[in-house]
2 protein chains.
Amino acid sequence: MKTAPVTIKDIARQLKISPSTVSRALKNNPEISLETRQHVAEVAARLDYRPNIVARGLKQRQSATIGVIIPEIVHYFFSQVISGIEEVAYNEGYTVMICQSNEKSDREANNVRTLLAHQVAGILVSVSKETAGFSHLEEVDKNGVPLVFFDRAAPGMAKDQVINDNRESACRVTRHLIQQGCSRIVHFAGPQNLSIGKERKEGYLHALSEAGIAFREEWCTVADTFDKAYQEVMRLHQVLNLPDAIFCNNDLTALGAMKALRQLGVAIPGEVAVAGFSNGIFSEISDPSLTTVDQHGYDMGVQATRLLLKRINSQKEGEPPVTMVVRGDLIIRDTSSRGSV
Amino acid sequence: MKTAPVTIKDIARQLKISPSTVSRALKNNPEISLETRQHVAEVAARLDYRPNIVARGLKQRQSATIGVIIPEIVHYFFSQVISGIEEVAYNEGYTVMICQSNEKSDREANNVRTLLAHQVAGILVSVSKETAGFSHLEEVDKNGVPLVFFDRAAPGMAKDQVINDNRESACRVTRHLIQQGCSRIVHFAGPQNLSIGKERKEGYLHALSEAGIAFREEWCTVADTFDKAYQEVMRLHQVLNLPDAIFCNNDLTALGAMKALRQLGVAIPGEVAVAGFSNGIFSEISDPSLTTVDQHGYDMGVQATRLLLKRINSQKEGEPPVTMVVRGDLIIRDTSSRGSV
DNA sequence: TTGTACGCGTTATCAC
DNA sequence: GTGATAACGCGTACAA
């Protein structure tokens, strides 16, 4: 059953030429006569020769492989990013090696070691929530392996990164709610130790002050899950009057809030408008459909990979790090369009 | 900046011993004196030695890498599977190389070549919708590389596979609807050229006949997207009376149906019960929450990988192929619980 | 235009 | 217990 793999030597033996000639011929080296090249190509095809990438990698001290470290694969946004990464990699002849950190710092460090041991040509990483120190990432640098952050960068590390304009996007959402006539806008924020949570809150605050709306402390709570949002709406209902808009840190949170509102018999968007963040699949199909921000995960993957490949292919070191910002798109749907009410 | 990678030779030089001794010491070979082993371990740690997996792979004609070919990464179910695969792989010291076929047969064939070129230790495949011929998969066999199918197997190829019990699960869903007092149950089916679509329909039919309910042709249409389901409900509403239950091929379809029902002012589950399939994230958070089948994607990934690793580690060839069935779990939620109405 | 010789880092085998 | 040597498959400087 098991056939010994065909190597360059086998082709050479068949044609009674040397392995090196075969090697060159296979790469269409113009130094080799067209005739020989054709012969080699023929035999290679007939024998179903497949170059051993591992051997090539050993020789060149680098494999055509891109390493990816991601907090969790099971996450719509991240799966979009991976898809974008894979697409570009595929088209450029690279393969993708995936590791998930499960949001653990030590596992992330382990992932780095593994990828370096595999001699990957470059690494794409979105740091885990837990990660505080970055020595394991600096390690990558020391080995001369290019590194590009996506979505979540390591604060303080001057490296290439592809990130979202969370602040501006949040600002746009809030502005939109204001334009719809809302003035008492509550924000269900994400954890404030994460840059994304912080930046989105900042954008919200900015839009308020811009519109001359005085912010009130009780308008902002950290609530970033379906359940927390549900409970928070219920609490707001009892403690103070309901606001006329809720801007949530993510879509799931928004859906939790909507569930509570519906149970309270509150009209959406008639009495309370709602907006989320991320453009998960459910934002489009929720009822009413949810206003949100499309983060373009796929594009982020594409951009990050292109940037990485550029680094891999450029010999020059010491080029200044690049920060690419992928602009989030405000998607206005039914939960916020007062016009139709 | 760029440091030359530390190799076994560097350690050997430092300790003035031979590379082979270092190699053995690093693997805790008992032939090597404890003293030497400790010295080696020390120096390795100090120099931050990292074994070059590529070189090892070349030597052993196999790399500790598992190849995965998947139709689309951006799919909740598949992302769960990948997560399960990665988890097991990580714990066993393997890494995961991901390729997506984008449901294209030729790309799938390409993926196979790439993975073989990378000398992967084994391959996990879920075949694309388009794939008809399987010569590229037989190629894997010829190279002596173990192959395990997950979710979608190649019909006719006697290989290891981990699949869902679609027929039985669909049957359970339908039975449940019948138990809730439904008798005019409509099925929005998936494409009938895919085994999953076919099997689910079969399960539905089986449950009906089992309960002595005569099936009527107009009860079953192929509608497997949000929009199609929406339109189909609207059509049913006009053409014939609405059924008292709708069993959909997947969750998204169910949500489309629900949207239409809600617009028609039909009570769910009071007048029409609804059930989906897949247990996507939105089934839990939809309002009312959706009865569905949990396909345990993560578990499928885990099982498939374990099976693959078993094959990789067993020398014996010619062991009969194994088919593992992951049982889907009926998750009863609000769209079908008549008891509460 | 082609062949020779060597090395990439690791490990299996044989020798001491 | 340890060392020397060869080999995995490929690429390339150098020689012819």
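So that the names make sense, note that chain A is the first sequence line, chain B the second, and so on, each numbered from 1. Predicted model, so just to flag it, every value in this text is computed and none were measured.
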Query raised in the report: More 5' along DNA chain C: B:Ile53 or B:Arg24, using each one's nearest nucleotide?
Result: B:Ile53
Requested in this report: Report the distance from atom CG of B:Leu26 to atom C1' of D:dT2, rounded to the nearest whole Å.
Outcome: 15 Å
Report task. Look at B:Arg61 and D:dG9 and indicate whether a side-chain polar atom (N or O) is within less than 4.0 Å of OP1 or OP2. Result -> yes
Query - Closest to the B:Lys9 side chain, choosing from C:dT4, C:dC8, D:dG9 - result: C:dC8
Query raised in the report: Between D:dG11 and A:Arg56, is there an OP1 or OP2 to side-chain N/O distance shorter than 4.0 Å?
Result: yes
Requested in this report: In whole angstrom, give the distance that lies between atom CD of B:Glu31 and atom P of C:dC16.
Outcome: 17 Å
**Report entry** Interatomic distance where CD belongs to A:Gln62 and C1' belongs to D:dC10 [whole Å]
**Finding:** 15 Å
Query raised in the report: Within this structure, what is the CG-to-P distance between B:Leu116 and D:dG9, rounded to whole angstrom?
Result: 15 Å
Report task. Rounded off to whole Å, could you give me the CG-to-P distance for the A:Asn28 and D:dG11 pair? Result -> 13 Å
Query raised in the report: Can you tell me how far OG of B:Ser101 sits from CD1 of B:Ile69, rounded to the nearest 0.5 angstrom?
Result: 7.5 Å
**Report entry** Contact under 4.0 Å: B:Ser18 side-chain N or O vs D:dT2 OP1/OP2
**Finding:** no
Requested in this report: Mind calculating the distance between CD1 (A:Ile17) and P (D:dG11) to the nearest angstrom?
Outcome: 14 Å
Report summary line: note: A:Leu58, atom CG; C:dT10, atom P; distance rounded to Å ~ 9 Å
Query - Presence of B:Ser23 side-chain N/O under 4.0 Å of C:dG9 phosphate oxygens OP1/OP2 - result: no
Report task. Give one of base, sugar-phosphate or nothing for A:Ile8, where a contact means two heavy atoms less than 4.0 Å apart. Result -> sugar-phosphate
Query raised in the report: If we only count heavy atoms from C-beta on, is the A:Asp141 to A:Lys159 side-chain gap below 4.5 Å?
Result: yes
**Report entry** A:Thr7 vs D:dG9: side-chain N/O to OP1/OP2 distance below 4.0 Å
**Finding:** no
Query raised in the report: Would you say the side chain of B:Arg50 and the base of C:dG9 hold a donor-acceptor pair, judged only by whether the two atoms sit under 3.5 Å apart?
Result: no
Query raised in the report: How long is the gap from CZ on B:Phe150 to CD1 on B:Ile163, to the nearest 0.5 Å?
Result: 13.0 Å
Query raised in the report: If you check every side-chain atom of B:Lys27, which of C:dT11, D:dG3, D:dG9 has the closest atom?
Result: C:dT11
Query raised in the report: Hey, is the side chain of A:Gln60 poking within less than 4.0 Å of OP1 or OP2 on D:dT12, counting only N and O atoms?
Result: yes
Query raised in the report: Does a nitrogen or oxygen in the side chain of B:Thr36 sit under 4.0 Å from OP1 or OP2 of D:dG1?
Result: no
Query raised in the report: CZ of B:Arg50 to CD of A:Gln119: how many Å apart, nearest 0.5 Å?
Result: 8.5 Å
**Report entry** Presence of A:Thr21 side-chain N/O under 4.0 Å of C:dT1 phosphate oxygens OP1/OP2
**Finding:** no
Query - Atom-to-atom span, CD1 of B:Ile11 to P of C:dG9 - whole angstrom - result: 13 Å
Report task. State whether a side-chain donor-acceptor pair under 3.5 Å links B:His118 with A:Thr95. Result -> yes
Query raised in the report: Are OP1 or OP2 of D:dC8 and a side-chain N or O of A:Lys59 less than 4.0 angstrom apart?
Result: no
Query raised in the report: Counting any heavy atom closer than 4.0 Å, what does B:Ser20 reach on the DNA or RNA strands: base, sugar-phosphate only, or nothing?
Result: base
Report summary line: The residue, A:Pro30 or A:Pro19, whose nearest nucleotide of DNA chain C is more 5′ is A:Pro30
Query raised in the report: Taking all non-hydrogen atoms of both residues, which atom of A:Pro321 and which atom of A:Ala158 are closest, and how far apart?
Result: CG-O, 3.5 Å
